[in-house]
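Please read all numbers here as calculations on a predicted model, not as lab measurements. Letters A, B, ... mirror the listed sequences (proteins, then strands); counts begin at 1.
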Number of protein chains: 2
Amino acid sequence: MTTGQHEFTPRLAHNFSDTEDSPVRALLDLVSRPGVISFAGGVPDPTYFDLDAIRSAYDAALSRPERALQYSSSDGELELREIIAANLTDEGIPSQAEDVLVTTGSQQGLTLMGQVMIDQGDVILVEDPTYLAALQTFGLAGAHFVAVDCDDDGVVPEALEKAIELHQPKLVYLIPSYQNPSGRTMPAQRRRDVADILLRTRTMLIEDDPYSSLRYSGEHLEPICAIEGMAAQTALLQTLSKSVAPGIRLGWARVPASIRDALIVGKQAIDLHSSTVDQYAAAHYLAHPETHQSDAEKLEVYGQRLRTMVRELPRALPEGTHVTSPSGGMFLWAELPEAYDTDALLPYAMREGVGFVPGSSFHVDTSIRNTMRISFVTNAESEIVEGVTRLARAVEAYEAEQLAA
Amino acid sequence: MTTGQHEFTPRLAHNFSDTEDSPVRALLDLVSRPGVISFAGGVPDPTYFDLDAIRSAYDAALSRPERALQYSSSDGELELREIIAANLTDEGIPSQAEDVLVTTGSQQGLTLMGQVMIDQGDVILVEDPTYLAALQTFGLAGAHFVAVDCDDDGVVPEALEKAIELHQPKLVYLIPSYQNPSGRTMPAQRRRDVADILLRTRTMLIEDDPYSSLRYSGEHLEPICAIEGMAAQTALLQTLSKSVAPGIRLGWARVPASIRDALIVGKQAIDLHSSTVDQYAAAHYLAHPETHQSDAEKLEVYGQRLRTMVRELPRALPEGTHVTSPSGGMFLWAELPEAYDTDALLPYAMREGVGFVPGSSFHVDTSIRNTMRISFVTNAESEIVEGVTRLARAVEAYEAEQLAA
């Protein structure tokens with residue numbers, strides 16, 4: 001009996017027997033075609049990578065090859081964790097190296113938290129909308145999501161408290177600063193109100209904080225984790241992807257001692273440890289802030305792009321659209337009148353040569369179709385203006401063909 | 001009501017509510033104390049990292065910062081996958097870039113395969129002994145292990161066939177070349193016999209192949225994946241950790257199209273993608289084999305260390321001990337008479353200043369206590385001789401105190 005190449009059908013695990021690729025990543029392939037102006041990806045402008053400092057950091061790492069090229073510990077190199085802990089302490093979260101777990105990007109922090117905390121059917125409370133990769137990742141771990149009502153200041157405290165009482169969630173997942181996808185930020189008082197509820201109900205928080213280094217206006221806001229009592233029940237996730245460069249692929253989780261060992265076991269299984277070379281380079285980079293030349297310029301340019309997008313975007317979108325007004329981060333969020341379907345709008349936009357992300361993937365209730373995420377960081381101002389013009393044409397064509405009836 | 005720092009107890013997921021750190025990694029901390037001669041870790045000698053070539057590779061990567069510092073695709077950079085595919089084709093496994101998934105070390109290949117293939121209670125057949133991190137990783141995914149009888153040529157075909165009939169396993173997990181922990185290698189005929197069984201029974205194989213670049217004697221052997229028909233039902237895992245350096249933390253899985261999409265979804269959740277910097281450095285390194293200065297010297301030195309260990313070790317171990325005779329890799333495996341308990345021996349060894357890994361963690365049946373793993377690559381020959389002398393003293397003391405009755 002012979003068995004040919006094509007007769008074998010593997011039996012996949014239940015959760016993977018019907019998997020779909022991330023719609024956003026599929027979209028990113030589409031919009032990376034030449035000539036397309038993409039408002040889709042949360043992709044930093046490589047012009048503002050601090051290349052000299054990064055090169056020095058890798059040179060420094062490789063000057064100690066017996067360490068930088070060797071196996072690392074699963075929680076991360078002590079040298080890197082010490083600098084991160086010092087920075088956290090400066091941010092108002094007193095921390096030691098042993099409070100920090102280095103991750104291969106902060107996405108890995110989400111996976112680890114899902115893996116060690118979530119059993120099939122456990123409830124996670126999320127903002128509406130929320131980061132779609134968190135929905136995917138926690139979903140693979142078996143989570144059941146409940147979306148909590150939000151206003152322009154983030155999650156509504158009364159709604160949060162009611163949802164906690166009703167659903168007894170394992171976790172609450174929040175992105176308090178310059179949220180992906182909405183761009184909105186929780187003010188200081190709202191953070192205190194939320195912390196108060198989480199402390200009273202003894203509810204564990206995942207505070208996802210990738211964007212706080214991208215502040216263009218407004219006051220600096222401390223993480224919820226910095227509020228008294230919260231460090232013992234918060235996993236704070238941060239990353240170098242936005243502040244330095246995504247390709248270095250390093251983030252970290254600041255976690256209470258009560259979950260640290262479990263996370264390390266999960267991390268051993270997932271990749272044993274993060275790249276040692278990258279860890280030593282990151283430690284050198286973070287230890288030498290005086291070499292970071294591009295930071296101020298990047299914030300000024302991104303802030304200008306944000307203002308341009310805020311000024312231009314309304315002419316493309318129908319009357320009655322609500323657009324958020326971020327003071328940092330990478331994204332704007334538009335809620336169009338209910339008759340509009342942004343999934344159906346996207347092909348019109350692609351035909352005009354402009355990309356965005358339809359909002360449906362960011363909602364727990366994927367039947368919500370009238371929202372969209374707009375990134376403003378990647379493109380120069382002239383491209384933003386041209387992209388909005390294309391989007392305006394796309395909306396017009398969509399309205400003529402799809403909304404005429 | 002106030003909540004202090006120490007009152008919060010998180011509710012962990014079922015599989016993590018009673019986690020233990022890897023016993024080997026805990027041991028590695030112990031044996032890294034100054035003065036200890038460690039035969040414990042599978043740790044390359046940093047003397048033979050090809051530093052000039054690695055430096056050039058990182059310089060080349062950072063000369064294209066707009067790519068090397070940016071987000072990557074989840075399956076890995078095309079440039080790296082193309083070189084890996086070409087090397088696989090040279091190894092007798094015709095491959096295209098799309099057959100390859102870049103992983104953050106080959107450990108991640110194990111996690112991904114467990115995640116997408118294993119439901120709670122699914123059976124995986126493994127060699128006895130087998131790689132302990134595979135047991136841990138697949139165990140977290142819910143696997144039930146069945147150990148298949150092995151002889152000095154690896155898994156016994158008749159036992160494999162019987163176990164497949166009896167248990168209908170989801171996967172068979174094998175390390176055919178210079179196995180961790182045993183050091184043994186399946187000869188060509190055994191590989192064909194095993195492939196024949198897997199093809200006839202349509203059983204999926206994970207072929208873990210981290211050590212094949214470390215060949216000190218004997219003929220080159222093709223992976224089982226290269227046998228006709230097997231590529232469609234094999235996930236072949238390889239890595240740079242042994243051939244280049246562990247700190248770069250890159251491996252890859254060569255997988256059939258039928259599981260590729262599911263693996264990519266898993267990879268997106270786990271870390272979105274592997275470090276782009278490391279991927280471009282690896283691509284440059286692999287594309288310039290003419291710059292690899294240390295490979296031949298490393299193989300000669302490691303081979304000499306293996307011969308020294310094989311010559312010296314018997315004087316430390318009791319009569320009746322069976323020691324394997326590897327022709328490559330990093331490890332020897334010793335099976336002592338049944339009365340000996342290597343977990344109990346370890347403290348005596350540590351007192352004498354020598355480390356090894358007790359074998360119990362590598363067995364599905366952890367009540368097996370008379371085995372040990374000995375690494376021979378990290379220490380110079382004089383240290384091997386001295387380490388064996390210390391081990392001999394430890395065995396003597398153990399025998400006097402523990403076996404006297």
Counting heavy-atom pairs under 4.5 Å with chain B, which one of Glu66(A), Gln120(A), Lys170(A) comes out on top? Lys170(A)
Check whether Ser274(B) gets within reach of chain A through its side chain, its backbone, both or neither, counting any heavy atom under 4.5 Å. backbone
Tell me, out of Gln70(B), Gln115(B), Arg67(B), who's got the most heavy-atom pairs with chain A below 4.5 Å. Gln70(B)
Counting only N and O atoms by type, is there a donor-acceptor contact under 3.5 Å from the side chain of Asp119(A) to the main-chain atoms of Ala13(B)? no
From the list Val116(B), Thr47(B), Leu51(B), Thr276(B), the residue making the most non-hydrogen contacts under 4.5 Å with chain A is Val116(B)
dist Thr104(A):OG1 -> Gln108(B):CD (nearest 0.5 Å) comes out at 7.5 Å
Euclidean distance, Arg249(A) CZ relative to Leu69(B) CG, rounded to 0.5 Å: 13.0 Å
Options Val244(A), Ile54(A), Asp45(A), ranked by heavy-atom pairs under 4.5 Å with chain B, top entry: Ile54(A)
Between the OG atom in Ser241(A) and the CG atom in Leu272(B), the distance rounded to the nearest 0.5 Å is 8.0 Å
Thr111(B) side chain to Ala269(A) backbone, donor-acceptor under 3.5 Å: yes
Considering only heavy atoms and a distance below 4.5 Å, find which of Thr137(A), Asp122(A), Ile259(A), Asp278(A) pairs most often with chain B. Asp278(A)
Minimal non-hydrogen separation, Phe8(B) against Arg202(A), with atom names: CE1-O, 3.2 Å
Is it the side chain or the backbone of Thr203(B) that comes within 4.5 Å of chain A heavy atoms, both, or neither? backbone
Ala133(B) portion near chain A, given a 4.5 angstrom heavy-atom threshold: neither
Kindly compute the distance separating CG (Asp271(B)) from OG (Ser106(A)), expressed to the nearest 0.5 Å. 11.5 Å
Could you please spell out the steps behind the side chain to side chain contact (heavy atoms under 4.5 Å, CB included) verdict for Tyr58(B) and Val277(A)? CA-CA 10 Å; Tyr58(B) 277 91; Val277(A) 185; 3.6 Å; yes
Closer than 3.5 angstrom, by distance alone: can the side chain of Gln233(B) be matched with the main-chain N or O of Pro10(A) as a donor-acceptor pair? no
Can you tell me if Arg55(A) uses its side chain to pair, donor with acceptor, with the backbone of Leu62(B) under 3.5 Å? yes
Write down the atom of Tyr71(A), the atom of Pro44(B), and the distance for their closest heavy-atom approach. CE1-CD, 4.0 Å
Would Phe16(A) and Met117(B) count as a side chain to side chain contact (heavy atoms under 4.5 Å, CB included) here? Give the steps. CA-CA 8 Å; Phe16(A) 280 85; Met117(B) 298 284 297; over 6 Å; no
About how many Å separate CD1 of Ile118(A) and CG of Leu12(B), when rounded to the nearest 0.5 Å? 10.5 Å
Side chain from CB out, backbone as N, CA, C, O: work out which of these in Asp59(A) comes under 4.5 Å of a heavy atom of chain B, or both, or neither. side chain
Can you name the residues that form a salt bridge (charged side-chain N to carboxylate O under 4.0 Å, His left out) with Arg11(B), not counting sequence neighbours? none
Could you state the interatomic distance from CD1 (Ile270(B)) to CG (Leu112(A)), rounded to the nearest 0.5 Å? 9.0 Å
What residue in Pro246(B), Gly251(B), Pro256(B), Ala257(B) has the most heavy-atom pairs under 4.5 Å with chain A? Pro246(B)
